[in-house]
Amino acid sequence: MTLFLKLVFRNRLAAMGAVVITAILLLALLTPILPLHDPDVTATADRFKRPFSDGHILGTDHLGRDLLSRLLHGTRLSLAVGIAAALIAAATGATIGIVAGYFGGRIDNVIMRVVDMLMAFPYILLALAIVAALGPGLMNALIAVAAVNVPFFARNIRGITVGLAGREFIDAATLAGMGHTKIILTELLPNVLPVIVIAMSTTVGWMILETAGLSFLGLGSQPPQADLGSMLGEARSAMISHPHTSVVPGIMIFLIVMSINLLGDGVRDALDPRLRSGALSRPRATTLVDRKGPLPAPTNDLLSIRDLETQFHVGARTYKAVGGVSLAVKPGECLGVIGESGSGKSVTALSVMGLVASPPGVITSGAVYFQGEDLIGAAYETLRKKRGDRVAYIFQDPLSTLHPLYRVGHQLAEAIQSHQKVPNHKARARAIQLLKDVRIPNADSRIDDYPHEMSGGMRQRVGIAMALANDPDVIIADEPTTALDVTVQAQILSLLNDLRRDRGLAIIFITHDFGVIAQLCDRVAVMYAGRIVEEGPTQAVLDAPAHPYTKHLIACVPELGQGRRVLATIPGLPPMVDDLPLGCAFAPRCYKAQDKCREREIQLLGTKPRAVRCLFPEEPV
Ligand code: ADP
Ligand code: MG
């Protein structure tokens with residue numbers, strides 16, 4: 001809540017709006033106890049007194065009534081009616097929208113056609129028709145304004161509900177035996193509530209205006225009762241001769257609507273979940289770089305990550321997701337990166353091409369050399385040319401990385417054509433060849449499938465084909481087989497293995513499964529809390545793990561046909577990277593940790609290519 005207020009008040013205009021509308025609301029609340037004239041008592045002798053005349057600070061109107069008193073009472077009424085109309089419209093509209101969106105089918109159809117019909121009428125005409133049918137009066141004006149705004153809420157909320165109703169957590173609630181009412185109230189409503197609040201905060205001002213409009217036309221509040229609209233209406237005939245009678249309510253309407261709209265915009269920005277973390281801005285095209293000190297020297301590898309540090313700056317907190325990682329691959333080599341979830345593998349991988357979202361991500365030190373050129377300091381255009389062309393990525397969930405509305409062939413062709421000038425038919429032929437390369441059967445017809453028509457394994461093959469589209473030198477695969485079953489996983493692994501042998505591809509393969517590393521990788525680096533704790537040739541690490549963490553990770557892999565043994569687990573959880581302990585980050589979970597481990601930073605020690613970051617390794621390296 002305080003964070004929310006802070007975000008709103010960071011926006012200067014919203015803060016101004018909040019101050020003004022709070023002042024007006026306070027005045028309106030206090031009106032009955034303020035020492036004011038009776039707003040409805042006429043005194044024809046005092047007609048049209050100018051502002052600042054004695055006894056009447058804002059002057060009097062055409063019947064000699066005190067303008068200040070009428071203004072405050074009128075404001076009170078206008079605010080009450082506007083806000084009530086907004087609440088009624090939001091509640092009714094949201095209910096209709098949720099019911100239509102949740103139940104779908106015929107219910108949805110009938111409800112939405114009625115809503116469409118309402119929307120087909122011009123706004124003010126509809127309100128006029130409703131008041132004409134019900135008769136003039138403030139209550140009826142309120143009903144009319146609420147009614148014409150119901151479709152707006154209904155449409156908005158229905159759209160969001162339809163999206164939510166198909167999601168897995170709703171299915172899970174249904175499977176858990178919850179009834180419709182409970183699902184709507186406990187699962188759907190909390191998710192649409194922010195949208196309702198946003199829609200309301202941006203429309204209250206509008207509804208106050210509409211009520212004032214109806215009153216202005218004489219259809220809302222009836223004399224002698226004053227609201228802002230009727231005050232304007234009554235002052236119309238004296239507009240030229242005594243302008244203060246219309247200027248006073250006019251300024252009040254302006255202040256109310258303006259401040260509510262400014263505040264509403266601020267609330268919307270602060271509630272938008274994408275804007276909630278970090279500054280109120282879109283992520284940049286490349287990760288922010290803020291390096292101090294000399295750069296590490298380049299090596300003669302194809303791709304080498306040197307002392308990379310990537311952090312997330314969220315408010316006052318600094319998450320050290322990657323804390324000084326060095327990795328390198330040569331052509332045709334496969335390097336495995338392994339570690340528990342949250343150990344910084346993905347952030348390391350995304351840092352290579354400047355793909356970490358900024359804000360909040362910042363690369364604070366280190367370099368990434370690709371063929372001798374530093375990518376971290378590179379211009380956006382240089383990175384864009386290499387992304388997907390020289391260095392390609394494969395991600396875990398191919399369903400979320402493929403566009404749902406385009407055929408896979410189209411997307412493959414697009415990947416090719418964004419880096420090479422080839423005519424459409426050639427791109428298509430190449431796309432078919434790529435699908436054949438990743439062993440998709442009937443590639444000629446499958447190319448016209450949509451992503452949802454393919455199985456998980458097939459989609460991941462398309463993901464790999466896309467990564468291969470421009471014959472990259474390096475592929476960074478971030479848990480590409482985690483979502484797949486073991487047989488498909490084995491096929492994908494052998495496919496990647498063939499590709500690197502045939503094409504001399506360098507692969508950085510990220511996973512949390514030592515079994516996968518054993519099948520595919522020449523070397524392996526073990527990550528924990530953003531740092532490498534052990535590295536070496538795969539077989540050497542598997543045979544004689546040196547770091548207690550590595551030993552635990554290997555013990556967690558079940559072995560088939562090896563007789564029964566107790567499966568190991570690692571006690572405790574990985575540490576939060578915004579508050580790392582001094583010394584070894586694994587010490588709190590380590591069975592052989594001593595005081596020495598917690599005193600100072602521990603270096604990566606050993607004789608190349610083996611290295612371990614441990615004072616008491618299991619095996620000498
Ligand atoms: P994994 O090894 O599972 O791929 P990640 O690289 O995704 O782990 O995450 C490493 C750490 O960075 C995690 O502890 C996570 O909390 C933190 N992190 C990732 N993204 C953000 C973010 N946008 N804001 C703050 N912290 C983040
Ligand atoms: Mg990850």
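These figures come from a predicted structure and were not determined experimentally. Every number for a ligand or one of its atoms is a count from 1 in the order of the listing. Values below: all heavy atoms of this structure, side chains included; hydrogens, waters and symmetry mates excluded.
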Picking from D478, L355, I475, what satisfies side-chain contact (heavy atoms from CB on, under 4.5 Å) with Y393?
-> L355
Counting heavy atoms only, which of Y528, Y319, F312 comes nearest to atom 18 (N) of ligand 1?
-> F312
What part of V577 sits under 4.0 Å from ligand 1 if we count only heavy atoms: the side chain, the backbone, both or neither?
-> side chain
Please say whether P360 places an N or O atom under 3.5 Å from an N or O atom belonging to ligand 1.
-> no
Consider every N or O of T348 and every N or O of ligand 1, then say whether any pair is closer than 3.5 Å.
-> no
Residue D595 excluded, over 12 heavy atoms near CG under 6.0 Å = no
For atom 7 (O) of ligand 1, which candidate among G530, S346, S351 holds the nearest heavy atom?
-> S346
Which atoms of ligand 1 sit under 4.0 Å from any heavy atom of S341?
-> 3 (O)
Is L604 close to E535 at the side-chain level, that is, under 4.5 Å between some pair of heavy atoms?
-> yes
Ligand 1 and E479, any nitrogen or oxygen pair closer than 3.5 angstrom?
-> no
Within-cut-off N or O pair, G344 and ligand 1, under 3.5 Å = yes
Which residue pairs pass the ring-ring contact (aromatic ring centres under 6.0 Å, His included) test with at least one member in residues 477-528, sequence neighbours excluded?
-> Y528-Y549, Y528-F586
Apply the salt bridge (Lys or Arg N to Asp or Glu O under 4.0 Å) test between E534 and each candidate in R610, R613, R523; give the one that qualifies.
-> R610
Exceeds 12 heavy-atom contacts within 6.0 angstrom, atom CZ of R598 = yes
Decide if atom OH of Y406 counts as having more than 12 heavy atoms of other residues, nucleotides or ligands within a radius under 6.0 Å.
-> no
Counting from 1, what ligand 1 atoms have a heavy atom of A321 closer than 4.0 Å?
-> 11 (C), 12 (O)
So which protein N/O/S atoms does the Mg ion (ligand 2) have within less than 2.8 Å?
-> S346 OG
Between D578 and K320, is there a salt bridge with N-O shorter than 4.0 Å?
-> no
Should the heavy atoms of other residues, nucleotides or ligands under 6.0 Å from NZ of K6 be counted, would the total exceed 12?
-> no
Salt bridge R439-D498, side-chain N to carboxylate O under 4.0 Å | yes
